[in-house]
Amino acid sequence: MLTLAFIRENKESILKGLAVRNFKNANVIIDNIIKKDLSKRQIKTELDQALAESNKISKEIGVFFKTGEVQKANILKEKTGQLKQQSKALNETLIKIEDELNELLYQVPNIPNPLVPVGNSEEDNETIFQEGEIPKLHEGAIPHWELAKKYDIIDFELGNKITGAGFPVYKGKGAKLQRALISYFLDKNTEAGYTEVQPPLLINEASGIGTGQLPDKEGQMYHVGIDNLYLIPTAEVPVTNFYRDVLLKESDFPICNTAYTPCFRREAGSYGAHVRGLNRLHQFDKVEIVRIEHPEKSYEALEGMVNHVKGILQELDLPYRILRLCGGDLGFTSALTYDFELFSTAQDRWLEISSISNFETFQANRLKLRFKNKEGKSQLAHTLNGSSLALPRVLAALLENCQTENGIKIPEVLQKYTGFDMID
RNA sequence: GGAGAGGUGGCCGAGUGGCUUAAGGCGCACGCUUGGAAAGCGUGUUUAUAAGGAAUUAUAACAAGGGUUCGAAUCCCUUUCUCUCCGCCA
């Protein structure tokens with residue numbers, strides 16, 4: 001969420017930014033926040049004064065009791081009684097205002113970077129780069145869900161039987177290819193300076209709030225009620241939360257982590273042809289990169305992450321493009337997002353396989369992730385993350401684009417991980 | 001899961017109702033000392049919020065939340081985590 005100080009001082013540019021997102025009622029909400037912030041501060045001052053007075057008198061009472069002047073002490077006791085009531089009332093008001101304020105703040109999305117194009121939907125996203133040749137498939141080429149069946153490498157029905165739709169079972173060379181992709185992605189990331197971590201796959205409430213999944217989006221996550229834990233929708237959540245309530249030194253930057261985890265998403269409301277096969281799953285594997293950066297370096301870092309993922313796709317030799325998301329398609333917490341899409345030839349459509357974002361201080365504010373700056377003051381850090389990469393759609397595009405009449409040809413960089421060069 | 005013991009600052013550790021934001025030590029920073037270093041000596045060393053131009057001041061925080069009291073690190077309740085023993089277990 002945005003900080004109050006930022007809202008107080010940048011009302012006009014915030015309203016402009018929210019307009020890029022087509023955010024409704026921005027004016028009303030921001031004005032309300034500013035008004036509530038003002039009264040919050042007034043009440044806080046009043047409360048502090050009442051408490052200070054009360055503390056002072058309590059000390060005097062202590063002295064009177066010591067010296068045996070009980071009567072004098074009792075007179076003062078009455079006085080503190082009043083003050084106590086007063087401060088109790090003030091405190092209740094303060095808590096109420098703070099709650100209301102937070103509720104309002106939770107509604108306000110991040111302010112888009114000036115590069116973000118105006119737009120309503122994914123049609124308005126800007127394609128900024130495209131590379132790789134779209135292969136000409138042989139006669140009778142088929143989509144990945146049919147290939148999966150033909151070569152018996154993914155069993156959707158079996159997953160359906162033991163869990164439900166969206167939980168496929170990978171088999172044989174399919175399972176091995178998954179493992180190969182994970183290892184390959186992790187190796188690429190660690191080579192680029194990311195530290196590999198293995199986080200828990202379940203998170204508590206505080207972590208969900210830290211990265212913004214809670215309180216609004218609990219419907220997207222699987223919830224283990226008995227222990228009040230949530231299955232992670234992405235490694236971003238546990239890994240970014242490593243740094244919740246942390247005060248860093250400037251010399252700690254940059255912090256670069258990478259993690260492979262399964263991801264669990266309820267995807268409530270998704271259906272239709274576009275969710276067929278591997279296109280949208282409830283459980284899928286993903287290798288994530290997460291960075292914590294000095295505010296002055298975060299956009300450099302974002303560019304670095306984009307170039308890094310580019311490098312991977314070039315090695316895989318798959319046709320991809322990079323989009324700069326428009327205001328309407330930009331995630332709630334993001335200031336600037338680049339999406340990577342692979343072209344799935346047999347489906348004749350682009351599949352999103354990575355989303356790389358700079359959240360600036362939006363997550364850090366909730367996380368209370370700060371660092372001591374040169375002036376010795378604590379300042380919010382910037383957080384970034386991106387996929388490198390999400391497996392199912394990479395697999396889908398790979399199967400479809402690399403299919404030949406004799407089988408599926410494994411990209412060369414993966415062969416040392418798979419131990420085979422053909423699925424047939 | 002059962003029984004017991006605990007949770008105090010960056011770390012160790014004292015502290016069972018007021019003079020404790022917190023002794024003492026370690027660490028760290030700066031200064032003095034020194035040919036240089038170590039030792040020694042001195043000073044400083046949490047965070048958040050509010051007020052102020054600033055120095056600063058006030059409030060809050062001793063696992064978390066609530067309660068008793070004029071006053072709570074200290075007493076009571078709830079939750080949580082850690083350790084020890086027992087049970088179960090990959």
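By convention in this document, chain letters (A, B, ...) are assigned in the order of the sequence lines, proteins followed by strands, and residues within each chain are numbered from 1.
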Visitor: Using purine N1 to pyrimidine N3 plus N6-O4 or O6-N4 for Watson-Crick, or N1-O2 and O6-N3 for G-U wobble, each under 3.5 Å, what pairs with B/rC32?
Guide: B/rG40
Visitor: In the structure shown, which nucleotide is the Watson-Crick or G-U wobble counterpart of B/rU45, with both distances under 3.5 Å?
Guide: B/rG27
Visitor: Is the count of non-hydrogen atoms from other residues, nucleotides or ligands lying under 6.0 Å from A/R179 atom CZ greater than 12?
Guide: no
Visitor: Does A/E157 pair with A/K161 as a salt bridge, N-O distance under 4.0 Å?
Guide: no
Visitor: Give one of base, sugar-phosphate or nothing for A/T80, where a contact means two heavy atoms less than 4.0 Å apart.
Guide: sugar-phosphate
Visitor: Is any side-chain nitrogen or oxygen of A/N55 closer than 4.0 Å to OP1 or OP2 of B/rG71?
Guide: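 No.
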Visitor: Roughly, in whole Å, what's the span from CG in A/L47 to P in B/rA60?
Guide: 8 Å
Visitor: According to the Watson-Crick and G-U wobble definitions, with both distances under 3.5 Å, which nucleotide is paired to B/rG17?
Guide: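 WC or wobble partner does not exist here.
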Visitor: Does A/K35 pair with A/D31 as a salt bridge, N-O distance under 4.0 Å?
Guide: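 Salt bridge between A/K35 and A/D31, a charged N being under 4.0 Å from a carboxylate O: no.
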Visitor: Determine the Euclidean distance between corresponding P atoms of B/rU82 and B/rG24; express it in Å to zero decimal places.
Guide: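 The answer is 33 Å between these two P atoms.
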Visitor: Counting only heavy atoms not in A/E122 (residues, nucleotides, ligands), do more than 12 fall under 6.0 Å from its CD?
Guide: no
Visitor: Paired with B/rC75: which nucleotide, if any, by Watson-Crick or G-U wobble criteria at under 3.5 Å for both distances?
Guide: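 By the stated definition (distances under 3.5 Å), B/rG67 pairs with B/rC75.
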Visitor: Would you mind pulling out the nucleotide paired to B/rA55, Watson-Crick or G-U wobble, both distances under 3.5 Å?
Guide: none
Visitor: With a 3.5 Å limit on both atom pairs, tell me what B/rC85 is paired to, counting Watson-Crick and G-U wobble, or say none.
Guide: B/rG2
Visitor: Provide, to the nearest angstrom, the distance between the CG atom belonging to A/D252 and the C1' atom belonging to B/rG10.
Guide: 13 Å
Visitor: Mind calculating the distance between NZ (A/K44) and P (B/rA51) to the nearest angstrom?
Guide: 10 Å
Visitor: Could you pick out which residue, A/K84 or A/R41, lies toward the 5' side of RNA chain B when each is mapped onto its nearest nucleotide?
Guide: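 Mapping each residue to its closest nucleotide by heavy atoms, the 5'-most match is A/R41.
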Visitor: What distance, rounded to whole Å, do you find between the two P atoms, one in B/rC75 and one in B/rG18?
Guide: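 12 Å, rounded to whole Å.
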Visitor: Does any nucleotide pair with B/rC62 by Watson-Crick or G-U wobble geometry, both distances under 3.5 Å, and what is it?
Guide: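 Paired with no nucleotide.
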Visitor: Taking the P atom in each of B/rG6 and B/rU74, what is the distance between them to the nearest angstrom?
Guide: 15 Å
Visitor: Measuring from the side chain of A/A52 (C-beta onward, heavy atoms only), which nucleotide among B/rC70, B/rU47, B/rA58 has the closest atom?
Guide: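 Of B/rC70, B/rU47, B/rA58, B/rA58 is nearest to the side chain of A/A52.
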Visitor: Is any side-chain N or O of A/K372 closer than 4.0 Å to OP1 or OP2 of B/rU47?
Guide: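 Answer yes for this pair, as a side-chain N or O of A/K372 is under 4.0 Å from OP1 or OP2.
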Visitor: In whole angstroms, how far is the P atom of B/rU80 from the CD atom of A/E205?
Guide: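 The distance from CD of A/E205 to P of B/rU80 comes to 13 Å, rounded to the nearest Å.
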Visitor: OP1 or OP2 of B/rA48 versus the side-chain N and O atoms of A/S378: is any pair under 4.0 Å?
Guide: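 Checking B/rA48 against A/S378, a side-chain N or O does come within under 4.0 Å of OP1 or OP2.
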Visitor: When the P atoms of B/rC28 and B/rA38 are considered, how many whole Å apart are they?
Guide: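 These two P atoms come out 11 Å apart once rounded.
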Visitor: A/L369 has an atom CG; how far is it from atom C1' of B/rU47, in whole Å?
Guide: 15 Å
Visitor: Atom CZ of A/F64 and atom P of B/rG71: how far apart are they, to the nearest Å?
Guide: 17 Å
Visitor: Could you identify the nucleotide paired to B/rU80, looking across every strand shown and requiring Watson-Crick or G-U wobble geometry with both distances under 3.5 Å?
Guide: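 Per the H-bond distance test, B/rG7.
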Visitor: Mind checking whether A/H282 and A/Y222 have parallel, tilted or perpendicular rings, split at 30° and 60°?
Guide: perpendicular
Visitor: Check the surroundings of atom CD in A/E412: do more than 12 heavy atoms from other residues, nucleotides or ligands lie under 6.0 Å from it?
Guide: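 It does not: A/E412 CD has 12 such atoms or fewer within range.
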Visitor: To the nearest angstrom, how far is A/I61 atom CD1 from B/rG17 atom P?
Guide: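 Rounded to the whole Å, the gap is 19 Å.
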Visitor: Closest-nucleotide mapping onto RNA chain B: is A/K40 or A/L51 further toward the 5' terminus? I mean the 5' end.
Guide: A/K40
Visitor: Using 30° and 60° as the class limits, which term best fits the ring planes of A/F362 and A/F332: parallel, tilted or perpendicular?
Guide: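 Geometry flag for A/F332 against A/F362: perpendicular rings.
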Visitor: Mind checking the P distance from B/rA23 to B/rU8? Whole angstroms is fine.
Guide: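 B/rA23 and B/rU8 have their P atoms separated by 16 Å.
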Visitor: With rounding to the closest Å, how many angstrom separate the P atoms on B/rC30 and B/rA37?
Guide: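 The same atom, P, in both gives a distance of 13 Å.
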Visitor: Send over the distance from A/E60 CD to B/rG18 P, rounded to a whole Å.
Guide: 18 Å
Visitor: In whole angstrom, give me the gap between the P atoms of B/rA5 and B/rU43.
Guide: 43 Å
Visitor: If the cut-off is 4.0 Å, is A/R370 near the phosphate of B/rA48, judged by side-chain N/O to OP1 or OP2?
Guide: yes
Visitor: Taking atom C1' in both B/rG27 and B/rU68, compute the distance separating them and give it to the nearest angstrom.
Guide: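 It works out to 40 Å between them.
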